[in-house]
Amino acid sequence: MSQRLKEENLIFIISQPRSGSTYLQNLLSNNSETNTSSEFWMLLKFANQIKPDLFDAKFDNKLATIAFRDYLDKNKSLFFNKIQKDFLLNLYQPLFQGFDFVVDKTPRYWEILEEISVLFPKSKIIILKRNPINVAKSMILTWNLNSIKDINYFKRDLLYAPKEIQSFCNKNSANPNVYCLKYEDLIQNTPKQIEMLYNMLGIEYNNSVLETSNNFKFKGRFGDPYQNSETGYSKSKAQSRNKSLSYMHHQFLKGYANYLGKNFLLEYGAYDTAGIKPSKSVTFSRFLHFRTGYDLFREFKFLLKEGFLQGLNKVFK
């Protein structure tokens with residue numbers, strides 16, 4: 001009978017996108033004890049049960065959540081939390097065969113950090129920080145974000161993720177199952193940082209894990225496009241560095257640096273403004289207040305529903 005995966009066997013890597021999480025995943029899975037796959041996003045698929053506020057739907061999701069919680073309150077013998085945990089662990093089970101640990105690297109789990117720590121309190125959570133201004137630069141260059149509309153797709157990752165991550169690290173500073181690491185430290189002294197991580201996770205370390213060219217466990221459709229690229233990491237990275245930031249990009253980054261503030265950057269990781277002079281900018285203001293057509297349509301429907309547009313309400317009723 002195969003061994004069943006327990007929460008103690010789960011390792012989460014969580015960060016802003018473009019913070020080096022694929023590189024860290026590569027290093028942590030480059031051994032015979034640990035298995036992984038391309039970005040899972042698995043827990044976000046069940047966000048309606050884990051964190052209903054994140055979930056949007058055509059039906060009234062808030063009402064559905066209240067009704068379901070009412071059902072659980074009336075049927076306490078159901079032990080829904082245990083059922084939910086067992087169900088999710090079963091989804092990880094195939095990766096556990098023949099290994100001691102499973103690494104789930106999904107940067108956007110920052111949206112459900114607190115919920116993961118409550119659902120899997122014995123799992124290891126590795127938080128990977130990077131200077132948010134360099135994160136924004138990397139997003140722009142990697143994904144060719146050439147308009148406010150393009151950058152808007154990553155609005156939550158840029159505006160909310162750093163502060164949620166910092167709050168979680170502060171709250172869990174004494175939690176032995178939470179490890180907060182800076183990307184810059186990882187790059188500057190990879191052997192030392194990885195050995196410390198291996199020791200913390202209880203995985204046997206030797207210097208051979210640093211040679212990752214033959215590790216393909218993490219490759220897939222999602223993750224760092226450079227490390228997943230057939231042309232190779234260094235070549236693709238060099239191509240990215242040859243791209244340049246436009247005037248619009250510089251104005252956006254000035255506003256972003258100003259939004260974050262020097263005090264937060266210092267607290268987040270003793271970071272500076274990465275060569276960007278913080279200042280208010282019209283470009284960043286447009287980003288803050290940007291609305292897609294879908295957003296505007298939803299706001300319009302809300303105004304109709306609430307009776308704020310009385311004349312039109314009769315027309316569209």
Side-chain angles (χ1 to χ4, degrees), residues 1-15 21-52 54-55 72 77-128 168 172 175-181 194-206 208-209 212 214-224 227-228:
M1 183 176 180
S2 61
Q3 186 178 0
R4 303 303 299 174
L5 175 74
K6 299 179 180 179
E7 61 181 286
E8 295 93 323
N9 309 115
L10 265 180
I11 301 167
F12 294 98
I13 299 175
I14 302 173
S15 66
S21 58
T22 301
Y23 180 53
L24 180 58
Q25 177 190 26
N26 191 354
L27 288 163
L28 292 186
S29 64
N30 192 30
N31 57 74
S32 61
E33 298 181 54
T34 308
N35 199 13
T36 192
S37 182
S38 180
E39 288 185 9
F40 290 63
W41 290 60
M42 185 188 298
L43 300 185
L44 291 175
K45 282 289 293 178
F46 301 96
N48 196 33
Q49 290 76 41
I50 297 173
K51 190 175 183 179
L54 287 180
F55 188 78
L72 293 179
S77 62
L78 191 59
F79 299 112
F80 176 70
N81 287 346
K82 183 180 184 306
I83 293 172
Q84 184 183 49
K85 179 185 289 191
D86 290 344
F87 169 74
L88 294 172
L89 289 175
N90 280 332
L91 292 180
Y92 288 108
Q93 182 65 32
L95 286 174
F96 188 57
Q97 304 307 310
F99 294 90
D100 299 317
F101 300 95
V102 172
V103 175
D104 180 346
K105 187 273 292 186
T106 304
R108 283 197 174 96
Y109 281 172
W110 68 260
E111 292 268 19
I112 52 173
L113 261 172
E114 190 66 35
E115 288 73 19
I116 290 175
S117 67
V118 171
L119 189 60
F120 301 116
K122 297 179 182 178
S123 297
K124 298 292 193 297
I125 298 177
I126 302 170
I127 303 296
L128 184 61
F168 183 81
N172 290 275
N175 186 341
N177 289 328
V178 174
Y179 190 98
C180 297
L181 172 66
I194 292 302
E195 183 174 7
M196 289 172 61
L197 261 179
Y198 268 62
N199 291 336
M200 175 261 191
L201 296 170
I203 304 171
E204 184 178 350
Y205 175 84
N206 60 69
S208 64
V209 306
T212 60
N214 292 321
N215 183 20
F216 302 101
K217 296 174 185 175
F218 69 97
K219 290 184 179 290
R221 185 173 179 180
F222 291 89
D224 188 330
Q227 296 190 67
N228 284 339

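Any value given below was found using the heavy atoms of this structure, including those in side chains, with hydrogens, waters and symmetry copies removed.
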Handout entry: Backbone N/O of Thr22 and side chain of Asn26: donor-acceptor pair under 3.5 Å
Key = no
Handout entry: Heavy-atom closest contact (Leu197 atom, Tyr179 atom, distance)
Key = CD2-CD2, 3.6 Å
Problem - Nearest atoms (heavy-atom pairs only) where Phe12 meets Leu43 - result: CE2-CD1, 3.8 Å
Handout entry: Side-chain donor-acceptor pair present, Tyr198, Asn31, cut-off under 3.5 Å
Key = yes
Problem - Main-chain N/O of Glu111 paired with Lys51 side-chain donor or acceptor, under 3.5 Å - result: yes
Exercise for the section: Calculate, to the nearest 0.5 Å, the distance between atoms CG and CD1 belonging to Asn199 and Ile194 respectively. Expected result: 11.0 Å
Handout entry: Spatial distance of atom NZ (Lys122) from atom OG (Ser117) [nearest 0.5 Å]
Key = 14.5 Å
Problem - Pairwise side-chain contact, Phe46 with Leu91, heavy-atom cut-off 4.5 Å (strictly under) - result: yes
Fill in the blank from the handout: With sequence neighbours left out, the residues meeting side-chain contact (heavy atoms from CB on, under 4.5 Å) with Pro121 are Glu7, Lys85
Practice task
Any chance you could lay out the side-chain contact (heavy atoms from CB on, under 4.5 Å) test for Ile127 and Leu113, step after step, and finish with the verdict?
Solution key: CA-CA 10 Å; Ile127 303 296; Leu113 261 172; 3.6 Å; yes
Handout entry: Distance, nearest 0.5 Å, that separates CD1 of Ile50 from CD of Gln84
Key = 5.5 Å
Handout entry: Leu5 CG to Phe101 CZ distance, which is reported to the nearest 0.5 Å
Key = 10.5 Å
Practice task
Looking only at non-hydrogen atoms, find the nearest pair between Lys6 and Leu89 and report the distance.
Solution key: C-CD2, 4.2 Å
Exercise for the section: Taking all non-hydrogen atoms of both residues into account, name the closest pair between Ser37 and Gln25 and its distance. Expected result: O-NE2, 2.7 Å
Handout entry: Heavy-atom pair with the smallest gap, counting every atom of Phe99 and Ser32
Key = CD2-O, 3.4 Å
Completion exercise
Taken to the nearest 0.5 Å, the spacing of Leu28 CG from Ile11 CD1 works out to 6.5 Å
Handout entry: Qualifying residue, where the test is side chain to side chain contact (heavy atoms under 4.5 Å, CB included) with Leu10 and the options are Ile116, Leu88, Val102, Ile125
Key = Val102
Practice task
Work out which heavy atom in Tyr109 is nearest to a heavy atom in Met42; give both atom names and the distance.
Solution key: OH-N, 3.1 Å
Exercise for the section: Please step through side-chain contact (heavy atoms from CB on, under 4.5 Å) for the pair Leu201 and Ile126, ending with a clear verdict. Expected result: CA-CA 10 Å; Leu201 296 170; Ile126 302 170; 4.2 Å; yes
Practice task
Supply the atom-to-atom distance Asp104 CG to Thr36 OG1, rounded to the nearest 0.5 angstrom.
Solution key: 7.0 Å
Handout entry: Any residue meeting salt bridge (charged side-chain N to carboxylate O under 4.0 Å, His left out) with Glu204, in chain and number order, not counting sequence neighbours
Key = none
Problem - Whether Asn9 side chain and Asp100 backbone form a donor-acceptor pair below 3.5 Å - result: yes
